[in-house]
Amino acid sequence: MAEKIEKPIRVRMAPSPTGHLHMGTAHTALFNWLFARQHNATFVLRVEDTDKERSRKEYEEEIAEGLRWLGIDWNEGPDKGGDFGPYRQSERTVIYRKYLQELLDKGEAYYCYCTKEDIEAQKQALTAQGLPPKYNGHCRDLKEPPAGKNPEVIRFKVPETKVEFTDMIRGKVVFDTSLFGDMIIAKDLDNPLYNFAVVVDDALMEITHVIRGEDHVSNTPKQILMQRALGFPEPTYAHLPLILNPDRSKMSKRFADTALSDYRNNGYLPEAMMNFLAFLGWHPKGDQDVLGTEELIREFDITRVQKAGAIFNQEKLDWLNREYLKKMSDAEIAHAAQPFFAAEKIAADKEKIEKVVGVVRGRASTLKDFPAAGRLFFELPEYAASLLVWKNTTLETVVPALKKAETALKEVSADHFDQVFLRETLAAVVGSGSRGEILWPLRVALSGQASSPDPVEIMSVLGKEESLRRIAVAIEKCA
Ligand code: GLU
């Protein structure tokens with residue numbers, strides 16, 4: 001068995017910038033980061049952009065930006081440098097070339113001249129014989145390149161053996177390589193593929209622990225074989241459970257948003273997101289559900305991560321977001337929610353948003369809920385006069401009720417339009433009469449909605465002038 005390197009601990013996150021920052025990638029990044037932080041280790045961000053057609057700079061930026069938003073930082077990476085860079089695979093071609101050549105020189109890899117059609121024909125022949133459709137090794141031992149043919153790809157000679165490794169989460173894992181066939185590791189010397197580039201990078205960047213998604217388990221034996229062929233040390237592996245839809249299929253748009261940015265744009269807080277992602281496939285020993293960053297770093301234990309897929313639970317995320325909102329002051333929420341008001345074209349200053357937050361915060365699960373619940377404070381919604389009518393009463397009772405309230409409210413000075421004063425005033429207006437008959441039409445007049453905060457709360461934000469204007473509008477509607 002290859003020698004294990006013990007120290008210093010270095011982990012890496014190796015996203016491919018071929019799409020938005022997926023929740024699964026954020027999950028993997030977080031587990032790497034927690035592991036790194038609790039071991040005082042180095043966390044490397046490596047951009048795996050060997051797929052030239054699909055890799056895009058905008059995605060690379062989105063990934064970095066999304067991780068930063070979540071609260072994840074790294075010690076080395078394309079934007080930070082470090083002694084083991086460059087950290088973008090597209091800038092490491094010379095390095096891969098050297099090691100590809102080494103494998104070719106050692107006879108561990110070879111040029112394959114089989115065309116796509118040849119491969120297809122081979123596969124069909126094998127399948128017809130009831131054999132697994134792997135590459136048949138046609139070019140493995142060629143003495144001379146076939147006349148008139150150019151190399152199609154470079155293949156690695158996969159020995160028929162058993163490869164065993166100990167996964168920190170899954171325990172002992174064994175693969176029989178006889179089913180693999182000789183695998184393609186590069187299109188040519190300048191175009192290596194993932195499985196090869198990752199082996200070179202993990203070795204040269206002195207990565208000690210490879211923590212990644214379960215979808216890479218079957219790549220691990222292939223990578224170990226190449227490490228052996230190149231004399232590289234073997235890192236320790238941990239394969240994290242995948243995130244699943246409630247029906248246990250792989251997380252998909254059909255059930256939930258898959259990009260981290262969707263959650264950010266929908267008003268989830270980064271702290272809630274981090275807490276939520278940490279609990280996908282892991283749980284602390286105690287029964288706490290709300291753990292802040294420092295607590296997560298302290299409590300996280302990679303050996304206690306579950307093997308089974310982690311079900312994405314939207315209600316849990318909403319609940320956690322509400323818990324994190326509860327910890328914030330009105331001013332903090334107002335600051336975080338301001339862009340959401342702007343996005344809804346509600347032009348409001350911080351002070352007013354803060355007042356609105358104070359009265360609607362009990363109704364909000366996300367930052368996006370604030371402009372939705374708060375819009376009525378900026379513009380009176382359209383509503384029908386019939387909405388003003390309380391339960392078993394008629395439209396005739398509305399105007400006297402509103403007038404009674406109006407008269408009393410006119411007496412309150414604008415400086416005393418606060419909740420304490422207003423509550424006393426309305427209590428006096430209701431007296432021993434029916435609360436609903438007065439307060440329902442008043443609340444609808446002020447909010448234009450069937451459900452809203454209570455009239456006192458609304459008026460304390462609207463102020464005297466606007467409150468009386470809205471009451472007058474309602475009286476007018478009944479005329
Ligand atoms: N670029 C690979 C991916 O995005 C990284 C796999 C690995 O961590 O080795 O899945």
Side-chain angles (χ1 to χ4, degrees), residues 9-36 41-64 66-67 72 74 76-78 84 86-92 96 156 163 165 167-170 173 175 183-186 191-227 230 232-243 250-251 258-260 281 302 305 309:
I9 297 182
R10 291 172 59 86
V11 296
R12 89 307 194 267
M13 180 61 213
S16 302
T18 54
H20 298 292
L21 172 53
H22 193 278
M23 289 287 275
T25 311
H27 182 244
T28 303
L30 175 61
F31 281 42
N32 270 284
W33 184 79
L34 290 173
F35 184 81
T42 304
F43 183 25
V44 176
L45 178 69
R46 181 171 75 224
V47 176
E48 302 213 323
D49 55 353
T50 47
D51 185 340
K52 293 186 181 123
E53 272 102 67
R54 291 172 59 229
S55 294
R56 297 234 300 265
K57 195 78 199 186
E58 305 89 88
Y59 289 137
E60 180 184 323
E61 275 155 21
E62 184 189 318
I63 291 167
L67 294 178
I72 294 180
W74 45 96
E76 298 172 19
F84 300 86
Y87 293 90
R88 234 176 244 116
Q89 289 190 329
S90 56
E91 293 164 14
R92 297 173 66 78
Y96 306 130
F156 177 72
V163 175
F165 61 94
D167 188 289
M168 280 196 284
I169 297 167
R170 275 147 228 284
V173 182
F175 275 93
M183 59 194 226
I184 303 173
I185 55 171
N191 287 291
L193 298 187
Y194 159 72
N195 264 319
F196 173 77
V198 84
V199 165
V200 173
D201 289 346
D202 284 344
L204 299 192
M205 294 179 186
E206 299 186 358
I207 301 302
T208 54
H209 296 72
V210 171
I211 303 169
R212 60 185 173 191
E214 189 194 342
D215 45 340
H216 287 290
V217 171
S218 59
N219 284 324
T220 304
K222 299 172 184 171
Q223 294 173 9
I224 290 176
L225 288 174
M226 281 188 276
Q227 286 155 6
L230 287 164
F232 289 155
E234 187 183 312
T236 301
Y237 289 93
H239 289 93
L240 305 170
L242 299 184
I243 308 177
K250 200 170 159 193
M251 189 188 187
T258 51
L260 184 72
I302 198 151
V305 172

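Here the structure is a predicted model, which is why all the values come from computation and not from measurement. Both ligands and their constituent atoms are indexed starting at 1 by order of listing.
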Close residues, ligand 1: non-hydrogen atom nearer than 4.0 Å: Arg12, Ala14, Ser16, Glu48, Tyr194, Val198, Arg212, His216
Polar side chain donor-acceptor pair, Tyr194 to Glu48, under 3.5 angstrom: no
Side-chain touch Ile169/Glu214, heavy atoms, less than 4.5 angstrom: no
Sole candidate of Ile185, Val200, Asn191, Leu193 that passes side-chain contact (heavy atoms from CB on, under 4.5 Å) when paired with Tyr96: Val200
Where Ala29 and Ile72 come nearest, the two heavy atoms and their spacing: C-CD1, 3.9 Å
Arg10 charged N/C atom sitting above Phe84 aromatic ring, 6.0 Å / 45°: yes
side-chain contact (heavy atoms from CB on, under 4.5 Å) evaluation trace for Ile211 with Ile302: CA-CA 9 Å; Ile211 303 169; Ile302 198 151; 3.8 Å; yes
